[in-house]
Amino acid sequence: MQAFEYVAAQTVPEAVAVLKEKGQQARVLAGGTDLIVQVREAKRDVDWMVDIKAIPEVNVLTHDSQNGLRLGAAVPCYQIYGTESICESFPALVDATKIIGGTAIQGRACVGGNLCNASPAADCIPPLIVLNAICVIAGPGGEKELPVGAFCTGPGQTALERGEMLVALKIPQPSSHSSSYYLRFIPRNEMDIAVVGAGAAVTLDAAQETIVSARIALAAVAPTPLFAEEASALLAGREISDAAIDEAAAAAQAIARPISDMRGTAEQRTHLVGVLTRRALKGAIQRVLDA
Amino acid sequence: MPEKKEYKVIGTRPIRHDGVDKVTGRALYGADFHTAGLLHGRVLRSPHAHARILSIDTSRAEAYPGVKAIVTAKDLPDAADKVADLGEGAVHLKYLCDNILASDKALYKGHAIAAVAATNAHIAEEACALIDVAYEVLPPVLEVRQAMEPAAPLLHETLKTGSLGETAEEPSNVASHLQHKKGDIEAGFAEADVIIEREFVTGTVHQGYIEPHNATALYNPDGQLTVWCSTQGAFTVREQLTEILQYPISKIKVVPMEIGGGFGGKINVYVEPVAALLAKKTGKPVKVLMNRADVFEGTGPTPASFIRVKMGATKDGKLTAAQTHLAFEAGAYPGSPVGAGAMCIFAPYDIANVLIDGYDVVVNKPKSAPYRAPGATNAAFGSETVIDELAKELNIDALEFRIMNGAKEGVKRADGPVFPRIGFIESVEAAKQHPHYTSPNGKKHHGRGVASGFWFNIGLASSVSISVNPDGTINLVEGSTDIGGTRASIAMQAAEVLGIPAESVNPSVVDTNSVGYTAVTGGSRTTFATGYAAYEAAQDVKRQLIARAAKLWEVDEEDVQFADGEFSCINGKEAQLSFHDLSARLGETGGPVVGSAAVNPPGAGGAFATHIVDLEVDEDTGKVQILRYTATQDAGKAIHPSYVEGQIQGGVVQGIGWALNEEYIYNAEGTMTNASFLDYRIPTCLDLPMIDTVIVEVPNPGHPYGVRGVGEVPIVPPPAAIANAIYDAIGIRMTELPMSPDRMLKAMGKI
Amino acid sequence: MARKTHVQTQINGDSVEFLCEARQSLLEVLRDELQLTGAKEGCNNGNCGACSVILDGRLVNSCLVLGVETGGKVVETVEGLAAPDRLHPIQDAFLENAALQCGICTPGFLMSAKALLDNNPNPTEPEVRYWLAGNLCRCTGYDKIVRAVLDAAAAM
C-alpha cells in the first residue's frame with residue numbers, strides 16, 4: 001500500500017482547506033470501506049486522507065415531519081436502520097443500508113461515502129434518487145446544494161470540484177400514502193455487489209387505488225445510477241395494475257445500457273431491470289397498503 | 001478385522017485438545033509467527049497469462065531504501081532434465097522449480113517472477129513495482145478443448161503426450177492419456193434398452209481456505225534451514241524443499257504451524273522455497289505472506305473439465321455399459337486429478353462393461369492442486385446426472401435404481417481394485433428411509449434431487465510416539481497437522497486402547513526433526529492412518545506396561561491381563577492395578593515407558609455418500625435457493641461423531657458453492673476478473689439451511705476400529721444432486737457448472 | 001520509511017500506545033506492532049470477517065480501519081473475550097458444538113457473535129445467519145457455528 005498522510009479535520013473549513021490545497025491527491029475518509037481498499041489495491045492514488053468523522057456537521061442525524069431527514073455525510077449505515085422514524089418514512093434507504101456489505105461493514109460504511117464513491121452499482125443511490133435527496137456540499141466558496149441525480153458523473157466520478165466535500169444529505173418528508181422500496185439482485189444472499197439494483201417510491205391516492213406519482217431508479221446498468229424518468233412518469237395517474245407496472249418495467253429496461261463483467265452479463269442485467277422494477281414497485285405499493 | 005465391541009472413548013464427543021487455544025486467539029498460525037530481526041518478503045507476479053520472459057532488471061528495486069534482497073529463478077539450482085522424487089511419483093524438477101519462480105516463460109497470470117525481502121511488507125510491495133520485466137506476450141490457451149486442438153498455442157515446446165505407454169512424436173498440450181477398460185463396451189451398449197449420452201462442462205474452482213499461504217525461513221550459519229509454515233504436511237514440504245533447493249534433507253527442519261484450511265491446496269509449496277532463498281541471501285529470517293489475490297491467481301485451483309458420459313441400462317433397470325471421456329485442465333504444468341476422477345466416476349456401480357478415457361491437458365491457468373476428492377466431483381457431476389436421467393427414463397425411483405446397481409464387496413472397479421466390505425448400499429438405504437426423502441415435495445418451482453459419490457481414500461505412512469506420565473496421562477507426539485480436529489480423533493484411538501479418557505491424552509503436532517515420517521493430512525487418511533499409528537503405539541505402551549505389572553507382581557507377562565483400564569493378574573494371584581496407578585510406579589519398575597509405531601496401512605477402505613437436496617428456483621432471476629439438505633455417508637466407524645458431521649457439512653457446503661456460484665471468470669487476455677472473496681462467491685451462512693447428516697457405520701476391515709476416511713467424499717454428490725433437483729423443479733437439465741443465475745436464465749430461455 | 005504517528009488507545013481494557021504509519025490498518029497494528037495475532041487476515045478487503053474486532057461497541061473489519069483512526073477509542077479483540085479463570089459462554093459454546101475445524105475464522109466469528117448478542121440477546125436462527133453473513137468459514141458449512149451462537153444466547 002502506498003504511503004500517505006492522515007489528517008483528522010475538526011471543522012468543515014479545515015477539511016475544505018486541505019482538499020483545496022491537495023486537489024486530486026486528497027480524498028475524504030469517512031467509513032473507509034471503499035477508500036482503504038482502493039488505495040491498498042492501487043486502484044486510487046491518494047497522498048492525503050482527510051478524516052471527517054470528528055466534524056460535527058457530518059454526524060448529524062435529524063428527522064421530523066416538517067423538515068424531513070438531514071443525514072450527515074459520515075453517519076454509518078447501522079444508525080440509519082436503527083432509527084425507527086427513518087424506517088417508517090424512508091424504507092428504501094433503510095433497505096439499502098441493511099444490505100450493504102455485512103454487519104461489520106455497516107458499522108463503518110455511510111450513505112455519504114456510498115454516494116461519493118460513485119459506483120454505478122451503489123445500493124444507496126437509487127433510494128436517494130427516488131426519495132429526491134439533495135446534496136449539501138461545502139467548498140471554498142461556501143455551501144451549495146445539488147440534487148442527488150446530478151451528483152454522479154461517471155464510474156467513481158462526481159460533480160464535486162476541487163476543495164469541495166459532501167456535508168449532508170437532505171431528504172424531504174414523503175407525503176401521505178407514500179412509501180418506497182429498494183432491492184437488488186445478487187447471486188448470494190449477502191456480501192455481493194448488486195448485479196442490478198432498483199428503487200421505487202410511490203404516492204397513492206387516498207383510496208389507495210391510483211398511483212399519483214412514482215419515481216424509479218436503477219443501479220449497475222449504466223456508468224452512473226439512473227433515474228428512470230419515462231418509466232416513472234408513465235405511472236402518474238394510473239390505476240394500480242400489473243399492466244401499468246409491466247409498462248413501467250419495460251420503459252426502465254429501455255434506458256438500461258449495461259455492460260458484461262464478472263458480476264453479470266448485459267443480457268442478464270437488462271432482463272433483471274424488468275424483474276426488479278416490477279418487484280420494487282410492487283414492494284413500495286404494498287408498503288403503502290400495509291401502512 | 002475390526003474389534004466388535006462397545007467402546008468407551010470412541011464414538012463420544014470430547015472437547016478437542018487444541019480447542020481453548022483456538023477460541024482464545026492464542027493458537028499460532030503461520031502468519032502469526034514472529035521472531036527477532038524478521039524481514040518481510042513479497043512476490044512479484046506475472047501480469048500476463050502467457051509470455052516469454054526476455055529480461056528481469058532488479059537494479060531500481062535493489063536501490064530502494066529498506067530492500068535487503070531480491071531473488072529470481074536464477075537463484076534456484078539448475079533444474080534442467082532432472083527428475084524430482086517426492087515419494088508419490090516422479091516429477092520433472094523443472095516444472096516444480098518453474099512454478100516457484102518462472103525461468104523462461106510465465107504460464108499464467110499471477111505466476112511468480114521475482115521476490116523482494118525488505119524491512120516491512122509495504123516496502124517489499126513498493127520494491128516489486130520497481131522490478132522491470134520485459135515480456136514477449138503470447139496468446140493464452142484458457143480452455144481444455146481449445147488446448148487439445150492441434151493448432152493451439154503450446155505452453156511447453158517439449159511436452160509430448162504420453163498415452164498408454166507410448167510417447168507421441170509431436171509436442172502437444174495434452175500431457176497424458178489414460179484408459180481403464182472392463183468387459184466389452186460395445187456389447188454392453190448393445191444389451192441396453194435405454195442409452196443416455198450427455199456432455200458436461202465444469203468451471204475452475206478454488207479450495208478457498210480462509211488463511212492465505214505463508215512461510216518464514218531462516219538459514220543458520222551452520223547451514224541449518226528452518227521453515228515455519230501452514231501446511232498439510234511438514235514432511236512433504238521438506239521433500240519439496242530438498243528437491244527444489246537441491247539441499248540435503250537432513251539440513252532442513254519444517255515446523256508446521258496451525259493451518260487455516262487446506263482441502264488439498266496446502267500440499268504443494270509456493271512461498272516456502274522463496275522465503276528460503278531470501279533467507280539465505282539476507283542471513284535473516286524472512287516471512288513471505290500471500291494476499292487473497294495471490295491465493296486465487298497463484299495457487300492451485302481445481303481444474304475445469306469437459307466430460308462426456310454415456311450409460312446404458314436394460315428396461316428392467318440393470319446398468320449394462322458406461323463410457324466416459326474426461327478432459328481435465330492441469331493448469332500450467334502436467335498433473336490434473338483426471339486419474340482420480342477416472343478411478344471414481346463409475347465406482348459406486350456394478351457395471352460389467354466400462355470404458356474410461358482420461359486426458360491431462362495444460363492450459364494458461366495456475367497449476368492445479370488437489371481439492372477434496374480431487375477429480376471425483378467433476379466426474380460425478382456427469383455420471384450422477386446421467387444416472388438420474390436413466391432412472392427417470394426407466395420410471396424407477398432414483399435411489400432404488402442406485403440400490404439395484406450398487407457396488408458391493410467383491411465387485412471389481414474398472415480401474416482394477418476389487419472392493420472389500422463397503423457401505424454404498426447402506427448409505428443409499430439410509431437416504432431412502434430418511435424423513436427428508438419420504439416427505440412430500442410438491443410446491444411449484446421446488447425440486448428434489450439425489451446423487452451419490454465415491455472416494456477411494458488413501459493410507460500412506462504415519463508415525464506416532466507415546467510417553468506415559470506418572471499421573472496416568474500420556475503425551476502423544478504426531479506428525480499430522482490438525483486441520484479439523486484430528487488431534488482429538490487420533491488421541492481418542494490411543495485412549496481407547498489404554499482405557500483412559502480422551503482428556504488424559506496430550507497430543508502434540510511436532511516438526512520434522514521430532515517425529516517419524518508422516519505423510520500429508522489429505523486423502524482422508526489422518527484419522528485412519530495416523531489413528532492406526534496411535535493405536536499401534538498405544539498397543540506398544542500396553543505391552544510394556546504389562547511387562548511392568550508382571551515385574552511388580554513377580555509373575556509371567558502372560559499372566560497379566562489388561563481390560564477396561566485395569567491390569568490384573570490371571571494366574572490366581574490377587575493383584576490389580578489401574579493404568580493410572582501403574583503409571584505412578586514406572587520409576588521403580590525400570591524407568592520411563594515410551595511406545596511408538598510407524599505404519600503404512602494398506603486397507604484405507606473406500607467412502608460412499610448419498611445426498612438429498614430440496615431447492616427453489618426463482619424463475620424470474622434464475623437464482624437457486626437451497627431449502628433442505630441431507631447427507632448420508634458410510635464412515636466405517638465415527639471416532640468423534642461431531643467432527644465427522646463437521647466434515648460432511650463442510651464438504652456439502654463446498655459442493656453447493658461449486659454447484660451454484662464458484663468459478664474463475666477470465667477475460668480474453670487470461671486475467672481472472674474475480675480474484676477476491678467479493679466476486680469469487682463462496683457460500684455465506686445466509687445462503688444455507690442446516691445440513692442434516694446421517695452417519696452410517698459399515699466397519700472398514702482394514703482398520704482396527706473400522707475407520708474409513710470421511711473428509712473428502714461429501715463434496716462429490718452436491719453438484720449432481722442440485723442439478724437433478726433443478727430438473728425436478730423446472731424440467732431443465734443443467735450440464736454446466738456453476739449453475740449460476742445467468743446460466744439458469746439462459747437455460748430457461750429468459751435471456 | 002514513512003512517518004509514524006503516536007496513537008493512544010484502549011485495547012481489551014488496557015491503555016495501549018503504539019507508533020504506526022498512516023497506511024497501517026488496525027489489523028496490522030494489532031498483529032505486527034502489538035503481537036495480538038488473534039485477529040486474522042483472510043482477504044484484507046472486508047469480505048471474510050476473519051479480522052473482526054469491536055471498535056467503540058460496533059463490530060468492524062479491522063483491515064478497513066486505519067491504526068491512526070483509533071486514537072482515544074476502545075478496541076475489543078478475541079484475546080480479551082475470556083475472563084482470567086473461565087471462557088466466555090460463546091467460546092464454551094463453540095467448543096461444545098465443535099463449531100470450528102481449522103479455527104482460522106473462529107476469532108472473527110466469536111467477535112461477531114459477541115457483537116450480535118450484545119445487541120440482541122435472543123436472536124432467531126435467521127437473525128444469526130444475517131448477522132454472521134460477513135464472516136466466511138470454509139470448513140464447517142456453518143451448521144455448528146449457528147447452533148453454537150444460538151446455544152450461547154440461551155446460556156447467557
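Chain letters run A, B, ... following the sequence lines, proteins first and then strands; every chain starts at 1. Please read these numbers as outputs of a predicted model, since none were measured by experiment.
- Arg292(B) places none of its side-chain heavy atoms less than 4.5 Å from the side chain of Asn45(C).
- Using a 4.5 Å heavy-atom cut-off against chain C, the contacting residues of residues 12-19 of chain B are Ile15(B), Arg16(B), Gly19(B).
- Ala50(C) touches chain B through its side chain: at least one heavy atom from C-beta onward sits under 4.5 Å away, while N, CA, C and O do not.
- Contact check for His34(B) versus Thr37(C): no side-chain heavy atoms found under the 4.5 Å cut-off.
- Annotation: maximal heavy-atom pairing with chain B below 4.5 Å, among Pro107(C), Gly38(C), Ala133(C), Cys48(C), occurs at Ala133(C).
- Residues Glu645(B) and Lys144(C) have side chains in contact (heavy-atom distance under 4.5 Å, counting atoms from C-beta outward).
- Counting heavy-atom pairs under 4.5 Å between each of Leu81(C), Leu100(C), Thr106(C) and chain B puts Leu100(C) at the top.
- You'll find the side chain of Gln647(B) reaches within 4.5 Å of the side chain of Gln101(C), heavy atoms only.
- Chain C forms the most heavy-atom pairs under 4.5 Å with one residue out of Ala121(B), Ala293(B), Gly484(B), and that residue is Gly484(B).
- Residue with the most contacts toward chain C among Asp21(B), Leu686(B), Thr684(B), Asp32(B): Asp32(B) (heavy-atom pairs, distance under 4.5 Å).
- Counting heavy-atom neighbours within 6.0 Å of Glu96(C) CD, excluding the residue itself, gives a total of 12 or less.
- Residue contact with chain C, scored on non-hydrogen atoms closer than 4.5 Å, involves the backbone and the side chain of Ala31(B) alike.
- In terms of heavy-atom pairs under 4.5 angstrom with chain C, the leader among Gly66(B), Gly485(B), Pro212(B) is Pro212(B).
- Residue contact with chain B, scored on non-hydrogen atoms closer than 4.5 Å, involves the side chain of Phe94(C) exclusively.
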Exercise for review: Let me see the working for Met690(B) and Arg147(C) under side chain to side chain contact (heavy atoms under 4.5 Å, CB included), right down to the final yes or no.
Suggested key: CA-CA 9 Å; Met690(B) 293 295 186; Arg147(C) 288 179 202 276; 3.6 Å; yes
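- Among Gln24(C), Glu28(C), His88(C), the residue with the largest count of heavy-atom pairs under 4.5 Å with chain B is Glu28(C).
- Taking both residues in full, the closest heavy atoms of Leu136(C) and Phe677(B) are given as CD1-CG, 3.7 Å, listed atom of the first, atom of the second, then distance.
- A donor-acceptor pair is defined here as one N or O able to donate and one able to accept, closer than 3.5 Å; no such pair exists between the side chain of Tyr209(B) and the backbone of Cys102(C).
- What you find for Gly25(B) and Val78(C) is that their closest heavy atoms are CA-CG1, 3.8 Å.
- With chain C as partner, the option from Val20(B), Asn291(B), Val652(B) having the largest number of non-hydrogen pairs under 4.5 angstrom is Val20(B).
- Note on His640(B), Lys22(B), His122(B), Gln654(B): by heavy-atom pairs under 4.5 Å with chain C, the leading option is His122(B).
- Both the backbone and the side chain of Leu132(C) come within contact range of chain B, judged by heavy atoms closer than 4.5 Å.
- For chain C, the nearby part of Val653(B) is the side chain; its heavy atoms alone come within less than 4.5 Å.
- Residues Asp687(B) and Arg129(C) are not paired through a salt bridge, judged by the lack of any N-O separation under 4.0 Å between the basic side chain and the carboxylate.
- Contacts between Ile259(B) and chain C at a heavy-atom distance below 4.5 Å involve the backbone alone (N, CA, C, O).
- Neither the backbone nor the side chain of Ile656(B) has a heavy atom closer than 4.5 Å to any heavy atom of chain C.
- Taken to the nearest 0.5 Å, the SG atom of Cys685(B) stands 6.0 Å off from the CZ atom of Phe109(C).
- Between Tyr142(C) and Pro683(B), the closest heavy-atom pair is OH-O, 2.7 Å.
- Among all heavy-atom pairs drawn from Asp143(C) and Ile691(B), the shortest one is OD2-N, 2.9 Å.
- No donor-acceptor distance shorter than 3.5 angstrom exists from the side chain of Glu211(B) to the backbone of Ile104(C), with no hydrogens or angles considered.
- Between Arg23(C) and Glu126(B) there is a salt bridge, since a side-chain N of the basic residue sits under 4.0 Å from a carboxylate O of the acidic one.
- The 12-atom threshold is exceeded at CZ of Arg58(C), counting heavy atoms of other residues, nucleotides or ligands nearer than 6.0 Å.
- Looking only at side-chain heavy atoms (C-beta outward), Lys40(C) and Ile210(B) stay at 4.5 Å or farther from each other.
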